[in-house]
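Step one of this worksheet: look at the structure below.
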Amino acid sequence: MPSKRVVALFSGGLDSILSVKWMQKLGFTVIPVFFSAPYFPSAKAALSAQDNDIDLRIIDISKKHLEMLKNPRYGYGKNFNPCIDCHAQMIQFAGDLLAEYDASFIITGEVLGQRPMSQNRKSLQIVSEISSYGDLLVRPLCQQHLPDTLPIREQWVDKNDLLSFSGRSRKPQIQLAKELDITLYPTPGGGCLLTNVNYSLRLADLLQYSEGTNRELELLKYGRHFRLSNQLKLVLGRFDTENEVLYEGFPGSVLIRAKDSLGPWGILEGDITDPDTIQLAANIVLSYTNKASYEEAVCYGKDFEYTINAHKVPRESLRQYIITEDKEL
Ligand code: SF4
C-alpha cells in the first residue's frame, strides 16, 4: 500500500486551504507547497498557512516558470497569465517532489467551473495530460465530477470521501470552511500579478528588451514606468514610501532626481550613455517634481554623480513613453 502522504499545491486561497484540511480530515499527511516567482510572491500564502496552522514549503521556480511564460503552449488569458501551462507546470513540479517527500499523489484546490477559462472541464483535462502526472492527480473539492485517476482506481483514497463542488458560487466552500472551523482566509484573487493589466504591460515591454532577471521582474511592481528607448527605461516613485523602496530595495541602481529632491526618485534601467535619452529622463523627473526650485536634475550611481540642466514638459507629451493601460499620467 502506498504511503498516506500527499503533496498539495497551495495558493493560500480558501480552496487550497479546504483541500489540505479535507485530506487531513481523511487521515492523510499533507505536504503543502507554494511555488513562488517575483510575480506570485509567497507572503500572502505564507500568512494564510500560518493562520491555518499549515506547515508550508516555499519553492522558487522563477527561472523555469519564466522560460515557459515567454512561449506558453496554450497561450495567455486576458493578460500575461498562461494559466493552463502554469497549472500544468506546477503539477509537474509537485509530481517531481513525490519521491522526495515519500508521497503517493498530488492534490490541488481546483473546482470545476470556478474559473471559466482555466478551470473548465477541458482545461482541467489538458492540465492533467500535459503535466505528465495527470494519473497521480486528485482534486478533492470536485473529484466526484472527474475521471478516476490511479489513487482512486487503486483505492488509495475512497472516491466517496471526495467532494463534488462545481461552478462559480463560493457558498459551498464557505459552508465547508465553517464546518472545518476555518475562519481566516484571504478574499479571492489578487495573488498573481500576471493577471494584473499594468504589470502585464510592463512585463511584455521588459521581455522585448531583456531576458527578465528576478530584479527586473521585482522592479515591475513599483512606480511609473517609462520606455525611453530600446536601451533605457525610467522607473519613477509615485510617493515617498515608493521612493524609499526604489532606493533601498534596488541597491546599485543608477538614480535620478530633481536637484532639490522634493519629488519622485527614479531608477534608470539600461544604457545611460546616450545624452539625449538622459536629457529626456531628467525632463520627465522634473515634470513630476511639483515644487522643483532648480531647473536641474542629478544623476548618480556608485562611483559618479553629475548634474543635468532640465526643464518641465507638459505631461501630455509623455503619454508616448509611459507603460500603462490607460496611459494615465
Ligand atoms: S493565475 Fe497566475 S499563478 Fe494562477 S495559474 Fe494563472 S498564471 Fe499561474
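Values below: every heavy atom of this structure, side chains too, minus hydrogens, waters and symmetry copies. Counting starts at 1 for both ligands and their atoms, in listed order.
- Looking at residues two or more places apart in sequence or on another chain, you find a side chain to side chain contact (heavy atoms under 4.5 Å, CB included) between Val245 and Tyr222, Phe250.
- For the residue pair Asn309 and Gln279, the shortest heavy atom distance occurs at O-NE2, 2.8 Å.
- Within the 4.0 angstrom cut-off, atom 4 (Fe) of ligand 1 has no protein heavy-atom neighbours.
- Listed by first and then second residue, the salt bridge (charged side-chain N to carboxylate O under 4.0 Å, His left out) pairs involving residues 219-246 are Asp205-Arg227, Glu218-Lys221, Arg238-Glu242 (not counting sequence neighbours).
- Tyr288 carries Arg315 over the face of its six-membered ring, with the cationic atom under 6.0 Å from the centre and within 45° of the normal.
- In this structure, Tyr247 places its OH atom where only 12 or fewer heavy-atom neighbours from other residues, nucleotides or ligands lie under 6.0 Å away.
- Within the structure, salt bridge (charged side-chain N to carboxylate O under 4.0 Å, His left out) pairs that include any residue of residues 253-272 comprise Arg215-Glu269, Lys259-Glu296 (at least two apart or interchain).
- Tally of protein N, O or S atoms closer to atom 2 (Fe) of ligand 1 than 2.8 Å: 1.
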